[in-house]
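Working notes for the structure below.
As the structure lists them, so they are numbered: ligands from 1, and atoms in each ligand from 1. Index from 1, following the sequence.
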Amino acid sequence: MEIKYLIIKNFRNFDNREFSFNRINIIKGPNGKGKTNLLEAIYFLGNGYSHRLIKTEDIVRWGTPFFYIKGEVKRKEGLIDIEISYKDKKIIKINGKKIQKKIELVSKLPMVIFYPSLVDFLFSSPYRRRYFLDREISKFSIHYYFNLVKYINLLKRRNIILKKFQEKGNMWNYLDTIDQEIIKVGIKIINKRREFIEKLNKCITIFTELFDFIDFSVKYNPSLKDIDEFKRRFFKERDRDMERGYTQKGPHRDDFSFILKKHDAKQFASQGERKLIVLLIIFSLWRLLKRDELYPLLLIDEFSAELDNEKIKILSELIERSNGQVFITSLEDIDYIKEKKIISL
Ligand SMILES: Nc1ncnc2c1ncn2[C@@H]1O[C@H](COP(=O)(O)OP(=O)(O)OP(=O)(O)O)[C@@H](O)[C@H]1O
Ligand SMILES: [Mg+2]
């Protein structure tokens, strides 16, 4: 799929602009001209929310009451229109028809995005790494998303009971029922995460072979590794949870680490290496999301910053060899990419 045409009104610093796009698009211009904002509009069109963790109202152009974006998207079955408007509340329409759930949008215009602060995000807390991976896995499996929601709700109920236990005492039966449920969905989440990381690592290997230095993989560190440990923790070692009044272990405590040259990248990787690691993850997700030989959209904010020429060249070749639509922001043109549309802001 490809965005052919985009109209944006009152979105960030843009008042009323129209853009037409090719397969590879370089959004170029000096600082503060709106490169990231344009990329954000494209992301918004495919997801119904911004890639930056902000309130939707912050996107509305200062001093105006609403924003509007409309994209004409070419898909296998033909052209579709996606419209998103915001004035106090958000309305999303596909071919003029209002949709109820954002998830309906994601399948129409799948995309992956790299942006500089994603590096800090992924190198910060386990919570943020989980947030990122859960969101990505949910793009592949709606069941995973539903299981996650179910797990979180069960966990909340369990924690309430654990707290009440301290006051009231006997609520064993209730806890038994919840724990049986929680183990059932919890193990599905763990298995899916493990399977996903395996697939991701296979893609990462394909890309790392192109780079000479790289011995890189993602490692899954589950808080409970299998069903036996799960049962033991939830049934047999409840006392400790009760003492504390919350559930100490489970998929809500899982983490992922980035292993570079056999060491934890969190502690040892250089700035450029960190960026490359995150780009490799994004490129791998891009490949994993490929359906019927068609790549999803790839969005990269500040492509060349912090990378040496050799890395930019290899990544540029990868982009040229693919068949998905690509949007890259950069202060300068990227000479390694030959066939492209330059959008100067
Ligand atoms: N809601 C808004 N209304 C009006 N202007 C806004 C709004 N939000 C952000 N801006 C402005 O948009 C401008 C462009 O921001 P953007 O981040 O897209 O620049 P950029 O071209 O990516 O720059 P850089 O090269 O520094 O990354 C900024 O000057 C910012 O003040
Ligand atoms: Mg920017």
Side-chain angles (χ1 to χ4, degrees), residues 3 5-22 24-71 83-92 111-124 132 271-272 274-276 278-279 281-283 286 297-309 311-312 315-316 319 325-337 340-345:
I3 305 177
Y5 202 73
L6 183 73
I7 299 173
I8 48 183
K9 289 183 184 161
N10 293 340
F11 190 100
R12 297 276 189 190
N13 63 322
F14 298 106
D15 52 355
N16 197 343
R17 289 285 298 260
E18 298 185 13
F19 300 93
S20 62
F21 300 122
N22 284 6
I24 301 177
N25 304 277
I26 313 272
I27 304 162
K28 166 178 107 82
N31 298 131
K33 279 285 176 180
K35 301 182 295 298
T36 302
N37 294 346
L38 178 53
L39 211 65
E40 186 181 31
I42 295 168
Y43 187 87
F44 212 109
L45 190 75
N47 295 279
Y49 58 87
S50 166
H51 66 280
R52 311 191 219 199
L53 296 169
I54 44 114
K55 291 192 242 88
T56 306
E57 64 201 52
D58 292 344
I59 289 173
V60 178
R61 187 162 191 254
W62 299 324
T64 66
F66 74 96
F67 79 72
Y68 173 80
I69 40 183
K70 178 178 178 175
E83 285 171 279
I84 303 181
S85 58
Y86 178 83
K87 189 182 178 185
D88 304 324
K89 75 177 200 189
K90 196 161 44 189
I91 296 174
I92 305 175
M111 57 176 77
V112 293
I113 185 166
F114 171 88
Y115 49 98
S117 58
L118 181 62
V119 179
D120 294 334
F121 190 85
L122 289 181
F123 277 87
S124 58
F132 173 82
Q271 195 62 24
R274 283 173 185 233
K275 172 159 178 177
L276 190 61
V278 177
L279 273 169
I281 292 172
I282 296 297
F283 270 72
W286 184 45
L297 268 56
L298 173 65
L299 279 49
I300 304 179
D301 195 14
E302 292 182 29
F303 179 54
S304 23
E306 290 177 331
L307 295 180
D308 60 50
N309 282 334
K311 313 261 182 323
I312 298 171
L315 292 170
S316 300
I319 287 171
Q325 193 178 28
V326 181
F327 296 88
I328 291 170
T329 76
S330 178
L331 291 171
E332 301 295 335
D333 185 14
I334 296 151
D335 295 333
Y336 294 117
I337 299 179
K340 64 203 157 189
K341 174 161 189 167
I342 295 183
I343 295 151
S344 296
L345 295 178

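- Closer than 4.0 angstrom to ligand 1 sit non-hydrogen atoms from Arg12, Asn13, Pro30, Asn31, Gly32, Lys33, Gly34, Lys35, Thr36, Asn37, Asp58, Ile59, Val60, Arg61, Trp62, Glu302, Leu331.
- Rounding to the nearest 0.5 angstrom, the gap separating the CD1 atom in Ile300 from the CG atom in Leu118 is 11.5 Å.
- With 3.5 Å as the limit, one finds a donor-acceptor pair spanning the side chains of Glu83 and Tyr68.
- For Lys28, there are no salt bridge (charged side-chain N to carboxylate O under 4.0 Å, His left out) partners, not counting sequence neighbours.
- Within the protein, the N, O or S atoms lying under 2.8 Å from the Mg ion (ligand 2) are Thr36 OG1.
- Lys341 and Ser20 form a side-chain donor-acceptor contact under 3.5 Å, judged by distance and modelled atom types alone.
- Using cut-offs of 30° and 60° for the angle between ring planes, the Tyr43 and His51 rings count as perpendicular.
- Considering only residues two or more places apart in sequence or on other chains, Thr64 meets the side-chain contact (heavy atoms from CB on, under 4.5 Å) condition with Asn10, Val60, Arg61.
- Using cut-offs of 30° and 60° on the angle between ring planes, the pair Phe21 and Phe19 is parallel.
- Around the NZ atom of Lys340, the shell of radius 6.0 Å holds more than 12 heavy atoms that belong to other residues, nucleotides or ligands.
- Atom CD of Glu332 is surrounded by 12 or fewer heavy atoms from other residues, nucleotides or ligands within 6.0 Å.
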